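Small disclaimer: the values here were computed from a predicted structure and weren't measured.
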Amino acid sequence: MSYKPNLAEDFAFSDLHCHSYCSDGELSPRQLVERAASKGVRILALTDHDTTDGVAEAEVASQEYALKLIPGVELTALWGKRVVHIVGLGFDPDNLVLKDYLQELKQLRDRRAELIAARLVKKGCPDLLDKAKALAGEGQIGRPHFAQAMVAARVVDSPAKAFSLYLGAGKPGDIKVEWPEMSAAIECLHQAGGYAVLAHPTKYKLTFTKIREMIAAFAESGGDAIEARYPGIDPGQTRQIEIAAQRHNLSLSAGSDFHCTGFSWSELGKYPKIPDSDMHILHQIL
């Protein structure tokens, strides 16, 4: 069974931002495709953090469910001193420039994990590095894995408590990393034949004046699109983002940012839909 496009319908039944357990999601790439198909999604982009390890498995599964799979990734980058996320779509996963770039990001993440573990030990916790690595499995290790390890070691009674006491912003386990600049992430995606999307612009705890500055900088760096619709954004914010996108000649993207089955508000395919518009990034990708 193969995907048969019907763009007038499929754009409304797309999800261009979601995660598998190859980064910090719950499901395998195959399970993610199965769930997306069951929710009526017809076009899906797997966008794990700083890795494309799940794309091949998701592509195979997509053939079985008549679902169009778009290769994706969510790159961690810096705008000034602020961490931002750049979703890459429609690139060649085998591109050597992209592979080298992702390997560098993996090394940064591994080094951060070592520093987090050391900081937690100084605060009286056991050494949780090996446990966090085991919980990450083949995926990218991050603070959520340390939170799970802390619960397992009975340091705290919930992942939320781990973040509030040890891992959240300004806490001992909040290790800053010198991620690549936003412009470098965009250039890498372009070299791999893909498109760069500024992810969830209202989630960076910025004023709208700063959001507009960020969007302008993203456009000046060669970015292609902005996520304008995703769980938690209100219609007024969406309108402001769409106005900024028009001003800077950027396309629009949208997705659930799905991570796990327990969060009904970010279910696959569940987000405010982009109306039929020439600005949709899928016009460029498909």
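At a threshold of 4.5 Å between non-hydrogen side-chain atoms, the residues H85 and K203 do not count as touching. Contact of the V87 side chain with the S253 side chain is not registered, since no non-hydrogen atoms from C-beta on lie closer than 4.5 Å. Residues D50 and L75 form a side-chain contact, since some pair of their non-hydrogen atoms from C-beta on lies under 4.5 Å apart. Between S14 and Y271, some side-chain heavy-atom pair lies under the 4.5 Å cut-off. Contact annotation: the side chain of D48 never approaches that of D53 to less than 4.5 Å [non-hydrogen atoms, C-beta and beyond].
Residues H248 and F218 keep their aromatic ring centres 6.0 Å or farther apart.
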Intermediate values then yes/no, salt bridge (Lys or Arg N to Asp or Glu O under 4.0 Å), D110 and K133: CA-CA 9 Å; D110 288 347; K133 285 182 176 179; over 6 Å; no

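Taking a cutoff of 4.0 Å between a charged side-chain nitrogen and a carboxylate oxygen, K39 and D15 do not qualify as a salt bridge. Between D10 and K68 no salt bridge is recorded (no basic side-chain N to carboxylate O distance below 4.0 Å).
Considering CD of E227 and CD1 of I233, their distance stands at 9.0 Å, rounded to 0.5 Å. In this structure, T51 OG1 and E74 CD are separated by 12.5 Å, a value rounded to the nearest 0.5 Å. The distance from the CG atom of L286 to the CD atom of Q284 is 10.5 Å, given to the nearest 0.5 Å.
If you check the side chains of Q63 and E59, you find a donor sitting under 3.5 Å from an acceptor.
Annotation for F13: hydrophobic cluster partners, listed by chain and number, are none (ILVMFWY side-chain heavy atoms under 4.5 Å, direct or chained). Under a 4.5 Å side-chain heavy-atom cut-off, the cluster of Ile, Leu, Val, Met, Phe, Trp and Tyr residues that includes I116 is completed by L115, L120, L128, L129, I141, F146, M150, V151, V155, V156, F163, L165, Y166, L167, I175.
Contacts of P29 classified as side-chain contact (heavy atoms from CB on, under 4.5 Å), with partners at least two apart in sequence or in another chain: S20, Y21, C22, L46, E57, A58.
Ring geometry for H49 versus H19: interplanar angle under 30°, hence parallel rather than tilted (30 to 60°).
Atom CG of D278 is surrounded by 12 or fewer heavy atoms from other residues, nucleotides or ligands within 6.0 Å.
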